[in-house]
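Note that ligands are numbered from 1 as they come in the structure, with each ligand's atoms numbered from 1 the same way.
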Amino acid sequence: MIVVISHPDDAHAMRVIRCLEERGEPVLLLDLAQLPRHATLTVDYRHGPRPQIRYRQADGTVHPLHEASAVWWRRPQAPDLSEVTDPQTHMFTANEWNEALNGLWQLLQDARWMNEPTRDDAASRKARQLRVAAEVGLRTPRTLITSDPDEARGFIRDLAPRDVIYKTFSCTHAIWRETRMLREADHAQLDTVQVAPVIFQEYVPARADLRVTVVDGRLFPAAIAWTPRAGSIDFRRNVGEATITAEVLPADVHDRVLALMERLGLVYGAIDLRRTPDDEYYFFEVNTAGEFLFIEDRTELPIASAIADWLAGRALSLPDAVPRASARPRAMPMDTIAS
Ligand SMILES: Nc1ncnc2c1ncn2[C@@H]1O[C@H](COP(=O)(O)OP(=O)(O)O)[C@@H](O)[C@H]1O
Ligand SMILES: [Mg+2]
């Protein structure tokens, strides 16, 4: 059995599940938000050292999770504790679930994981990614992460007259902060970095943004060419009008991306690179469970199918990606391009 940890509104999970079903593979969508009301979990140590793990759905169906051959750590949900209204009890209950579930993943270590959760967690930290990327020889922008306004001013001064951008570690659907150019007017706001650290970087000019989706050592690189809207330097603001085409990376960049994945212990990753007008390749980040449908749907690069093959334990036998013209650009709501 293949276990996909996500939820029914995740189009990525559903696409891969469809691929698996077409191949006749037994697959379970494990939506952790079904816990605790609509599903139960049991870890049973009575039958020897290897516990049986039963996930029972409301209709009585029992899924033996200990038989999982592969697990896709895609969009794990939190158990739905909305009925636990007392804040202290809520915190306690959430923590109990957290402990139980984190222990559970440790029991599934015989399964093949895309990606193993503790590695995924460690690899998703931007601070670490920039270091490992530089160590494997990828070019990274000069960067300062700081909550110290004086350090920020010093960085900006050192880079002058080069432009500086600033960006956040993450965003939520409610608070979406794209990468922005630091303008003269922003200098007066620099004291506010003390509230929470900010990532400052040298501005890297673009010929194209690249999204390189990696599935077990196989690269699916795509170029995203876009014309900036007024004042916008972040491709996600412009992706609706962008032309997306399959791309071939130079051999050295290809190998360094593979080395990065290896060092981070990732089977899957969606990597943001930028090609400058001088044809230099800069690394921005790896999204450990990054989206790929906006690439697949506009280039026909067979990413979902490669993920399904890997989960099913089949060799990735598809022909190498061939660059092809992009389909007509389609409008796309910005928030579908999470990360
Ligand atoms: N140093 C930079 N110079 C120019 N543009 C950048 C820089 N860093 C990020 N961007 C733009 O902003 C986008 C988002 O930044 P990224 O580092 O991928 O973080 P996240 O996607 O988590 O916000 C990039 O894909 C790129 O379009
Ligand atoms: Mg990004």
Colleague: Return yes or no for this condition: an N or O of Asn287 is under 3.5 Å from an N or O of ligand 1.
Modeller: no
Colleague: On a heavy-atom basis, I'd like to know which of Lys126, Arg211, Lys167, Arg180 is closest to atom 19 (O) of ligand 1.
Modeller: Lys126
Colleague: May I ask you to list the atoms of ligand 1 that are less than 4.0 angstrom from any heavy atom of Tyr203?
Modeller: 3 (N), 4 (C)
Colleague: By atom name, which N, O or S atom of Asp272 is the nearest to the Mg ion (ligand 2)?
Modeller: OD2
Colleague: With a 4.0 Å cut-off on heavy atoms, does Glu178 reach ligand 1?
Modeller: no
Colleague: Can you list the atoms of ligand 1 that are under 4.0 Å from a heavy atom of Glu202?
Modeller: 1 (N), 2 (C), 3 (N)
Colleague: Take Asp59 and Thr61 through the side-chain hydrogen bond (donor to acceptor under 3.5 Å, both in side chains) test and state the conclusion after the steps.
Modeller: CA-CA 6 Å; Asp59 65 2; Thr61 320; 2.6 Å; yes
Colleague: When you measure from the side chain of Asp272 to the backbone of Arg211, do you find a donor-acceptor pair of N or O atoms at a distance under 3.5 Å?
Modeller: no
Colleague: With a 3.5 Å distance limit and no angle check, can you tell me whether Arg274 reaches the backbone of Val204 through a side-chain donor-acceptor pair?
Modeller: yes
Colleague: Backbone or side chain, does any N or O of Gln201 fall under 3.5 Å from an N or O of ligand 1?
Modeller: yes
Colleague: Enumerate the atoms of ligand 1 whose separation from the nearest heavy atom of Asp272 is less than 4.0 angstrom.
Modeller: 18 (O)
Colleague: Is a side-chain donor-acceptor pair under 3.5 Å present for Arg75 with Gln77?
Modeller: no
Colleague: Below 4.0 Å from any atom of ligand 1, is there a heavy atom belonging to Arg177?
Modeller: no
Colleague: Ignoring hydrogens and angles, tell me if any N or O in the side chain of His38 forms a donor-acceptor pair with the backbone of Gln57 under 3.5 Å.
Modeller: no
Colleague: Work out which heavy atom in Asn287 is nearest to a heavy atom in Tyr268; give both atom names and the distance.
Modeller: O-CE2, 4.5 Å
Colleague: Are the aromatic ring centres of Trp73 and Trp105 under 6.0 angstrom apart?
Modeller: yes
Colleague: Record the part of Val204 in heavy-atom contact with ligand 1 below 4.0 Å; permitted values are side chain, backbone, both and neither.
Modeller: both
Colleague: Looking only at N, O or S atoms in Glu285, which is nearest to the Mg ion (ligand 2)?
Modeller: OE2
Colleague: Checking side-chain polar atoms at under 3.5 Å, does Glu67 have a donor or acceptor matched by the opposite partner on Ser69?
Modeller: no
